[in-house]
There are 2 protein chains.
Amino acid sequence: MRNKRDGSVQSVSRAVDLLEALSDGEEHGVTELGKQLRVHKATASRLLATLAQRRLVYRNPATDKYRLGLGLIHLAGSAMAGIDLIGQARPILEDLAATTSETVNLAVLDGNQVMHVDQIAGTRNIVNVSWVGRRTPLHCTANGKVLLAFLEAPERDRMLAPPLEALTGNTITSRRKLERQLTEIRGRGYARAIEELEDGLNVVAAPVRGADGGVVAAVSVGGPAFRMRPRELGKLGRMAMDAGAAISRRMGFVKGRRSNGST
Amino acid sequence: MRNKRDGSVQSVSRAVDLLEALSDGEEHGVTELGKQLRVHKATASRLLATLAQRRLVYRNPATDKYRLGLGLIHLAGSAMAGIDLIGQARPILEDLAATTSETVNLAVLDGNQVMHVDQIAGTRNIVNVSWVGRRTPLHCTANGKVLLAFLEAPERDRMLAPPLEALTGNTITSRRKLERQLTEIRGRGYARAIEELEDGLNVVAAPVRGADGGVVAAVSVGGPAFRMRPRELGKLGRMAMDAGAAISRRMGFVKGRRSNGST
DNA sequence: ATACGGAGTTACACATTGCGCAACAAGAGA
DNA sequence: TCTCTTGTTGCGCAATGTGTAACTCCGTAT
């Protein structure tokens with residue numbers, strides 16, 4: 001009607017809303033979901049029936065409640081296979097996780113955020129929170145800073161629409177200061193984020209290059225600040241760099257070639 | 001909607017069609033997809049725009065073509081986290097892959113098929129085909145037979161609607177013969193599939209139990225027939241059983257409890 | 001047992017919404 | 001420059017999706 005001039009298809013949009021509402025991993029009932037989306041339960045019922053028929057949601061026959069379905073794994077699997085990055089990176093991430101005992105992540109640029117596409121949990125961790133599929137800001141994560149550092153300046157400008165939100169006391173909110181760090185990162189080869197995203201969380205990250213020399217992803221090693229002391233970050237950073245280089249090689253990157261950033 | 005007796009929502013269904021059309025990992029254009037779905041390209045354009053807005057598809061700015069988007073990884077990640085099985089199983093699958101050097105899979109029941117939810121590639125493999133997200137029949141795979149064996153008889157009847165398709169010369173197509181094997185599997189604790197799904201592919205599989213004692217998944221070890229000789233399958237089967245038991249323990253299964261199959 | 005309340009599905013009727021058409025804009029070759 | 005292909009956007013129609021409400025189940029309390 002008035003606000004529908006975005007050209008999007010209402011029922012599809014609502015269906016995606018349903019999927020996202022279910023993405024907490026819990027089971028939800030029809031009425032409950034209807035309320036959450038502000039649509040009548042009849043509508044929710046029909047949308048869910050459609051999604052269930054296509055296996056994007058699964059209906060628990062016992063409780064009659066819905067959760068996300070295995071069809072999504074199929075689609076996501078294809079999405080990942082398309083990238084091919086994850087398959088190539090996996091064994092190297094595992095090595096890196098084994099030698100550092102910390103959590104290792106692989107991340108790519110998604111819009112103006114960092115998308116985590118794979119993770120190997122550190123052996124030292126009790127609780128195993130998966131970051132896969134989660135997005136975080138660019139300016140306050142090690143992965144994000146790597147991805148930013150190797151971007152063209154105009155692109156970077158588009159990504160970094162002010163203000164840079166402060167998530168902890170350490171978050172860099174000045175564009176100038178951030179640019180200085182990015183220059184450092186390009187020179188040194190890896191990035192650090194010291195309690196910039198979460199208090200008590202330190203991360204280092206290094207670039208992964210594709211066949212054409214462009215940076216396509218970032219590998220990170222992260223853990224609690226009490227284990228990842230500043231003086232050890234150098235060693236971990238170099239390990240991340242080695243892993244990044246190894247993945248790059250598998251992606252067809254030939255050493256010595258330079259990413260000049262041209263198309 | 002005279003002939004639409006299934007009560008499903010057309011545009012949502014078409015949106016899912018689009019996602020599936022894109023699930024080959026390739027990029028596709030609007031017109032092309034419209035043709036494939038037998039809808040006008042204008043319709044395809046609007047549906048794709050909606051999906052793109054929600055990050056389920058990604059539009060390559062250079063070519064204006066679509067591929068699956070990273071939003072799917074988010075949803076699928078949640079779907080997997082919801083199950084929790086994958087997270088718990090991962091390290092054990094890795095051990096199993098390391099000791100056997102063959103490819104290890106984790107699979108669950110999805111409708112009347114086997115859905116592969118995780119995989120660790122064997123170190124001996126050159127090419128690394130991912131089965132994650134792929135579905136296979138129940139009656140001719142080791143995973144499938146494990147899942148069948150621990151199902152209630154009436155459920156099993158529903159799953160095994162005849163005819164049992166023969167995919168190779170070794171595929172079991174007789175229901176009686178299959179039932180006999182399932183009894184064997186329950187007694188022995190693991191299943192074998194000897195070139196029943198693909199020529200030259202042998203697999204063994206063992207059950208994974210949930211906290212209530214019911215079988216929730218299957219772990220398999222598979223490889224080429226020339227490496228996985230019949231006389232070695234016993235040893236590999238026992239290793240799969242151990243891995244299955246270890247995962248079961250992590251899932252809260254207490255040894256000695258019996259799955260009596262009642263609710 | 002019976003009554004009650006909550007959850008989910010379905011028939012129905014209306015008008016919102018999504019669809020096809022066709023004109024338009026933007027590239028890519030020739 | 002002309003042409004062919006690909007994608008987007010008004011427009012008008014009606015098919016489609018939606019809300020209302022009645023109905024069925026089920027579980028729980030009376």
Side-chain angles (χ1 to χ4, degrees), chain A residues 1-22 24 26-69 262-263, chain B residues 1-22 24 26-69 111 212 262-263:
Chain A
M1 327 256 290
R2 54 204 113 261
N3 51 2
K4 90 122 213 191
R5 280 280 63 89
D6 52 1
S8 69
V9 180
Q10 189 191 54
S11 43
V12 173
S13 199
R14 285 179 171 170
V16 181
D17 284 337
L18 281 172
L19 293 175
E20 288 185 346
L22 290 171
D24 59 1
E26 303 297 316
E27 290 194 342
H28 298 279
V30 172
T31 309
E32 179 193 350
L33 288 166
K35 259 181 208 148
Q36 201 173 326
L37 300 208
R38 316 297 200 72
V39 298
H40 279 249
K41 58 179 185 171
T43 304
S45 170
R46 281 182 284 246
L47 290 170
L48 286 165
T50 307
L51 292 171
Q53 198 177 307
R54 305 308 231 86
R55 298 180 178 281
L56 296 201
V57 302
Y58 166 75
R59 167 167 233 176
N60 186 333
T63 63
D64 268 11
K65 295 183 175 227
Y66 289 94
R67 58 169 53 191
L68 291 180
S262 75
T263 26
Chain B
M1 37 175 118
R2 334 261 133 243
N3 48 3
K4 294 304 275 181
R5 302 267 18 112
D6 53 0
S8 69
V9 180
Q10 189 190 58
S11 43
V12 174
S13 198
R14 285 177 170 174
V16 181
D17 284 337
L18 282 171
L19 293 175
E20 289 186 345
L22 290 170
D24 59 1
E26 302 297 315
E27 290 194 343
H28 299 278
V30 172
T31 309
E32 178 193 350
L33 288 167
K35 257 179 211 151
Q36 200 173 325
L37 300 209
R38 316 299 199 72
V39 297
H40 206 259
K41 59 179 181 170
T43 305
S45 170
R46 282 183 279 247
L47 290 171
L48 286 164
T50 308
L51 292 171
Q53 198 176 308
R54 306 307 231 85
R55 298 179 177 282
L56 297 200
V57 302
Y58 166 74
R59 166 167 236 177
N60 186 333
T63 63
D64 267 11
K65 296 185 175 224
Y66 289 94
R67 59 168 53 190
L68 291 179
D212 65 352
S262 75
T263 23

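So you know, we letter chains A, B, ... as the sequences are listed, proteins then strands, and number each from 1.
Residues passing the side chain to side chain contact (heavy atoms under 4.5 Å, CB included) test with A:Q10, sequence neighbours excluded: A:R14. Applying the side chain to side chain contact (heavy atoms under 4.5 Å, CB included) test to A:A42 and every residue at least two apart in sequence or in another chain returns A:R46. Among residues two or more places apart in sequence or in another chain, the side chain to side chain contact (heavy atoms under 4.5 Å, CB included) test is passed with A:S13 by B:T50, B:R54. Considering only residues two or more places apart in sequence or on other chains, A:E32 meets the side chain to side chain donor-acceptor pair (under 3.5 Å) condition with A:H28.
B:L47 contributes atom CG, which lies 10.5 Å from atom CG of B:L33 (distance to the nearest 0.5 angstrom). Atom CZ of A:R59 sits about 11.0 Å away from atom CD of A:E27, to the nearest 0.5 Å. Atom NZ of B:K65 sits about 11.5 Å away from atom CG of B:L22, to the nearest 0.5 Å.
Whole-Å rounding puts the B:L47 CG to D:dG17 P distance at 11 Å. Rounded to whole Å, the distance from CG on B:L48 to P on D:dT6 is 15 Å. In this entry the distance linking CZ of B:R46 with C1' of D:dC11 reads 11 Å, nearest Å.
Among D:dA21, D:dT9, D:dT8, the nucleotide with an atom closest to any side-chain atom of B:S45 is D:dT8.
Residues A:Y66 and B:T43 both approach DNA chain C. Their nearest nucleotides, taken by heavy-atom distance, put A:Y66 toward the 5′ side. Of the residues near DNA chain D, A:S11 and B:H28, the one whose nearest nucleotide (by heavy atom distance) lies more toward the 5' end is B:H28.
Counting only heavy atoms from C-beta outward, the side chains of A:L18 and A:V57 never approach each other to under 4.5 Å.
End-to-end axis angle of the helix from C:dA1-D:dT30 to C:dA30-D:dT1, from C1' rotation axes over five pairs per end: 40° (rounded to 10 degrees).
Applying a 4.0 Å cut-off to non-hydrogen atoms, the residues of residues 29-41 of chain A that approach DNA chain D are A:H40, listed by residue number.
For a distance-only test at 3.5 Å, the side chain of A:R59 fails to qualify as a donor-acceptor partner of the base of C:dG8.
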